[in-house]
Amino acid sequence: MAKEKVNVYQIVTNRIIEELEKGFIPWQKPWNGVRAGAFNRVSKKPYSIMNQMLLKHTGEYATFKQWQELGGHIRKGEKSEIIVFWKVLNVEEENEKGKKEKKSIPLLKYINVFHISQVEGVESLENPFNEVTPIEEADKVIIDYVTRERISFEEVASNKAYYSPSRDTVVIPLKEQYQHINEYYATTFHELTHSTGHNSRLNRLESGAVAAFGSETYSKEELIAELGSATILNTLGVETTKTFRNSTAYIQNWLQVLKNDNKFIVSAASKAEKAVNLILQA
């Protein structure tokens with residue numbers, strides 16, 4: 001039985017390396033941001049921190065034209081607020097030698113926006129989340145592992161997914177925040193793989209827990225976590241083309257930090273295998 005698990009792991013690793021060799025794959029954050037602050041009504045995306053500070057209200061904002069296209073109109077006498085953004089202006093200038101050089105000049109621009117409270121004819125969005133159907137077998141693996149290892153597991157409305165070694169806590173955005181339920185499990189198993197490195201378990205995070213973001217130690221731990229997640233999804237039969245490609249893209253991002261050397265996947269492989277075996281109690 002153990003030999004079969006190793007083979008599954010090796011197959012997943014080989015497939016990821018094969019996919020990496022095809023070229024660049026863009027990574028996408030699998031969950032939607034919680035719209036607790038100010039966000040654009042049309043794109044549903046939260047505004048930047050700078051704009052959150054500029055705007056007076058939380059909730060839905062849009063431009064005059066966007067509200068019109070949604071069938072609404074701004075009440076008479078209402079005043080707009082502004083959001084700012086950087087626009088890059090490309091220019092050519094002559095240098096000291098008389099040769100033309102291309103330069104990029106950042107310009108701070110602004111747009112006028114109105115809050116939904118200033119608009120008539122448009123109803124506020126009721127529910128920003130999706131309806132999802134949990135996968136029973138995957139949930140059982142999560143519950144069994146966190147119960148057995150006494151890990152604090154929090155599924156909350158959040159813009160972040162992370163594992164805190166100091167608190168031995170995993171925090172995951174709500175299932176409803178994911179476009180596809182399989183991506184919830186991909187994220188969850190990634191963070192649970194991190195948790196296997198706690199000093200009470202495989203003792204892998206002794207240095208990695210405090211490693212600088214983007215360092216070799218940090219990057220290797222991210223590779224371990226994503227390989228672990230991809231392997232568990234494959235083993236449970238809940239892997240999809242989208243989760244696999246996103247895992248590959250995530251790994252590719254960290255390999256760029258590690259000079260695109262695929263040997264780092266191999267060096268992370270044995271640690272990821274031990275993590276998977278601990279989670280699945282193999």
Side-chain angles (χ1 to χ4, degrees), residues 1-20 22 25-32 130 132-149 151 153 155 160-163 170-197 201-202 204 220-255 262 265-266 268-282:
M1 189 70 178
K3 186 177 179 182
E4 185 181 338
K5 297 274 184 201
V6 173
N7 287 340
V8 170
Y9 179 83
Q10 289 172 343
I11 289 168
V12 171
T13 304
N14 290 339
R15 283 172 62 218
I16 287 172
I17 292 174
E18 187 179 324
E19 195 72 16
L20 286 171
K22 294 178 183 178
I25 307 163
W27 184 77
Q28 296 179 333
K29 188 172 75 170
W31 64 85
N32 298 315
N130 304 305
V132 294
T133 303
I135 300 174
E136 187 176 344
E137 187 180 4
D139 277 340
K140 185 178 185 303
V141 170
I142 295 167
I143 294 167
D144 286 351
Y145 171 66
V146 299
T147 302
R148 180 178 7 112
E149 295 296 330
I151 296 168
F153 184 81
E155 184 185 319
K160 295 180 180 179
Y162 62 90
Y163 168 65
V170 168
V171 177
I172 303 292
L174 295 170
K175 290 183 177 73
E176 292 83 1
Q177 287 181 249
Y178 295 79
Q179 195 67 33
H180 303 285
I181 188 62
N182 304 66
E183 293 173 330
Y184 162 85
Y185 295 106
T187 301
T188 301
F189 288 129
H190 177 101
E191 300 307 333
L192 290 180
T193 301
H194 279 314
S195 75
T196 65
R201 299 178 192 100
L202 299 178
R204 191 182 63 246
K220 282 184 177 178
E221 176 58 27
E222 289 304 308
L223 292 179
I224 292 166
E226 198 60 26
L227 282 168
S229 173
T231 301
I232 294 171
L233 291 184
N234 184 278
T235 303
L236 294 177
V238 297
E239 176 194 89
T240 66
T241 301
K242 191 167 184 181
T243 61
F244 175 71
R245 282 186 64 80
N246 215 33
S247 287
T248 304
Y250 189 81
I251 287 168
Q252 187 175 51
N253 286 339
W254 288 107
L255 283 179
N262 284 350
I265 292 184
V266 179
S270 60
K271 292 179 181 178
E273 183 186 345
K274 289 177 183 176
V276 170
N277 288 340
L278 178 61
I279 293 171
L280 299 179
Q281 214 172 15

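This structure is a prediction, so every number in the text was calculated from the model and none was measured.
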Next item on the list: For side chain to side chain contact (heavy atoms under 4.5 Å, CB included), just list the numbers for L280 and V141, CA-CA rounded to whole Å, side-chain angles, deciding distance to a tenth of an Å, and then say yes or no.
Entry: CA-CA 7 Å; L280 299 179; V141 170; 3.8 Å; yes
Notebook entry, point to check: Under the side chain to side chain contact (heavy atoms under 4.5 Å, CB included) criterion, do V170 and V146 qualify, and how do the steps go?
Noted result: CA-CA 9 Å; V170 168; V146 299; over 6 Å; no
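Distance NZ/K242 to OG/S247: 12.5 Å, rounded to 0.5 Å. The structure places OH of Y145 at 9.0 Å from CD1 of I232, a figure rounded to the nearest 0.5 Å. The NZ atom of K160 lies 12.0 Å from the CD atom of E191; values are rounded to the nearest 0.5 Å. Expressed to the nearest 0.5 Å, how far CD of Q252 lies from CZ of R245 amounts to 9.5 Å. Interatomic distance, NZ of K274 versus OG1 of T193, reported as 15.0 Å (0.5 Å rounding). Interatomic distance, I151 CD1 to T196 OG1, rounded to the nearest 0.5 Å: 8.5 Å.
For E239, the side-chain hydrogen bond (donor to acceptor under 3.5 Å, both in side chains) partners are R15, not counting sequence neighbours. Residues satisfying the side-chain hydrogen bond (donor to acceptor under 3.5 Å, both in side chains) test with Y250, not counting sequence neighbours, are E222, W254.
In terms of heavy atoms, P173 sits closest to E155 at O-CG, 3.8 Å. In terms of heavy atoms, T133 sits closest to I181 at O-CG1, 3.6 Å. A pairwise comparison of heavy atoms in Y184 and F153 identifies OH-CZ, 3.8 Å as the closest pair. Listed here is the closest heavy atom pair of L236 and A138: CD1-CA, 3.9 Å. Closest approach of I279 to R148, counting heavy atoms only: O-NH2, 3.2 Å. When all heavy atoms of A272 and L227 are compared, the pair lying nearest together is CB-CB, 4.0 Å.
A donor-acceptor pair is defined here as one N or O able to donate and one able to accept, closer than 3.5 Å; no such pair exists between the side chain of R204 and the backbone of I224. Side chain of S229 to backbone of A225: no donor-acceptor contact under 3.5 angstrom is found. Proximity of a side-chain donor or acceptor of Y185 to a complementary backbone N or O of I135 within less than 3.5 Å is detected.
Between E226 and N253, the closest side-chain pair of non-hydrogen atoms is not below 4.5 Å. When side chains are defined from C-beta on, P134 counts as touching K175, because their heavy atoms get closer than 4.5 Å. No side-chain heavy atom of T231 sits less than 4.5 Å from a side-chain heavy atom of F189. Two residues are said to be in side-chain contact when any heavy atoms from C-beta on lie closer than 4.5 Å; Q281 and D144 fail this criterion. With a 4.5 Å cut-off on side-chain heavy atoms, Y163 and L192 do not count as touching. At a threshold of 4.5 Å between non-hydrogen side-chain atoms, the residues F244 and I16 count as touching. Residues I251 and E19 are not in side-chain contact: their nearest non-hydrogen atoms beyond the backbone lie 4.5 Å or more apart.
By the 6.0 Å contact criterion, CZ on R201 is enclosed, its count of non-hydrogen atoms from other residues, nucleotides or ligands being greater than 12.
Between E137 and K140 there is no salt bridge, since no side-chain N of the basic residue sits under 4.0 Å from a carboxylate O of the acidic one.
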